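Here the structure is laid out as structure tokens; the discussion comes afterwards.
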Amino acid sequence: MNIAGWTNIPNITNQVKTGAPQAGLRHDPGAAVPAGGGTAQGSARLLQLDLSGRKGYREGYSIQDAAESLWKQETQTFRLSDLEDPEKANEIIENMRRQARWDLGLSQGAGETKDEVLSAYIQELRQNGLGGAADWDGLSRELEAFQSTTPEELEDGLDYLASRYVAVLDKLERNYTGGELAAQRAKLEEVYKAGAAGMIDGYAQLLQTNLGISDSGVQAVKDSFSTILSEKVDAYQGALGKANEAVSQSGPDSVWLKNHDAYIASQLRAAGAAGQTKAPYSVQDLAAAGQLAQSYRTEIFNASSCGRNEATLALNLSMADMKAEAMIEKGIVGKDMAALLRSSRAQGHENALNALDQALAKREGSLAPGEPKGTFAPVDRTVFQGIYQTVMNVYQQNGGNGAAAIRAGASYGQMATAQASARNPQALRWGISSKSYWEDFYKTPDAREATPLEIQLNKLLVQAGQAPSRSCSTYQKYVNSWQDFLSSIGGGVDLRA
């Protein structure tokens, strides 16, 4: 089974989030994991309006698409010095306006249509051909875009990097010789290695920071990436002959397409890449680990703003780990990755608990006038461990019934938090707050209690084909998450819930 094809696998993270009240801790309920920032482009570099354009990344890349990308590069890429020339500046502005009108589907009036402009441009390409020089700035930006690769786009990203490398190398070898070719190859290696390192290091950091995998585990992850990329490069090089042959049979467009490395790369990807890998971890292993890391990252982030407490962390992380166990049991995750995930759990939990402890200490250090000491008491790890172990033990004993395991965890949690309240009667997150959380755990909220913002949010959820956030109990959200997950990995629905 290919993890990239799971329609619900991207939601392992979302399935862990219950939207449940967090037992009395004051926090921003709308807090979310911040998106990674982009790299600013210096004024000395070319300014490219379509910085995110990955050519044929996840869809077909037609001859028309190839021509349009060249047209955009010629008409919408410019240096700052070009704006100092009134004639060039006016041309740049007009091209930008024309492209904007096309993108918005606006009428051109008496002006040329997009099809007419591109048709004329293609005729020029057929007559003049396309040079053999590589667009190093453009290629660098394309590959830099994979520095924050998500698990969902991992395999596509690896295919893209490998196919672009092979296609550019092929073009260089057909257009340069001798020392000039050696210099061009060296530049390609520099650009490609930088792009690959960005992806590899970023993904390994995601796993280590959130799952707590060891340094040796990180090295095995990086080695796997390198091996997989090498295998894909070899596979694409083996397919080059057929791709070039297909281009040579494209009629008059073969004159310029043979040097359009992005188009050649898209044809290589369409032909498929390597199958089985000799790497320690497969792409599917790495994608599954990334999904789990995203779940942990959400919990760590929310804990760092007091959006979680020991009980809700235990339930959410045990839910994530039950899903990991289900993937291991079904063979979706290989034995080596299974060992890595299991061995890192304790550290991953510690990362989340440390984030909560730091947040509590910060709140305790800035108590409002009249708030008693201990309002934000330190983390009580016995609460977390007791609930987490209860869930995981029941899961193992009942044959994989995740919903029943959550029920057992909630039952234990009610007792454990009551004991924590006795030990720390001033702690805001225990006492009445915690008692109310467990009393409402199985209750369906009354829709009449929804705020205007919640009503609007529920409308948006319904439009998106999802259940309203207040339409079911906290427990039912866990059940829905578990059943959606089982369905996503081909395990059906656990009707025992």
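Nothing fancy with the numbering, it's 1 onward along the sequence. This one's a predicted model, so the numbers in the text were calculated from it and none came from an experiment.
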Q: Flag the pair E231 and K278 as a salt bridge only when some basic side-chain nitrogen lies within less than 4.0 angstrom of an acidic carboxylate oxygen.
A: no
Q: Kindly determine whether Y478 and N316 satisfy side chain to side chain donor-acceptor pair (under 3.5 Å), including the steps that lead there.
A: CA-CA 9 Å; Y478 281 108; N316 288 355; 2.6 Å; yes
(Q) I need the E310 CD to R429 CZ distance, nearest 0.5 Å. (A) 4.0 Å
Q: Could you tell me the separation between the CD atom of Q208 and the OH atom of Y203, rounded to the nearest 0.5 Å?
A: 14.5 Å
Q | Within 6.0 Å of CD in Q276, more than 12 heavy atoms from elsewhere | A | no
Q: Drop me the distance from Q419's CD to N424's CG, to the nearest 0.5 angstrom.
A: 12.5 Å
Q. Are side-chain N/O atoms of N354 and H349 paired as donor and acceptor at under 3.5 Å?
A. no
Q. Considering residues at least two apart in sequence or located in another chain, which fulfil the salt bridge (charged side-chain N to carboxylate O under 4.0 Å, His left out) criterion with E325?
A. R342, R345
(Q) If I take atom OG1 from residue T474 and atom CD1 from residue I406, how far apart are they, to the nearest 0.5 angstrom? (A) 11.5 Å
(Q) What I want to find out is whether R164 reaches E142 closely enough, with some N-O distance under 4.0 Å, to be called a salt bridge. (A) yes
Q.
One thing to verify: whether R141 and E144 come together as a salt bridge, which I'm taking to mean a side-chain N less than 4.0 angstrom from a carboxylate O.
A. no
Q) side chain to side chain donor-acceptor pair (under 3.5 Å) between R407 and Y475: does it pass, once the steps are laid out? A) CA-CA 8 Å; R407 287 200 303 272; Y475 168 69; 2.7 Å; yes
Q.
Walk me through whether Q205 and D201 qualify under side chain to side chain donor-acceptor pair (under 3.5 Å).
A. CA-CA 6 Å; Q205 187 64 41; D201 292 345; over 6 Å; no
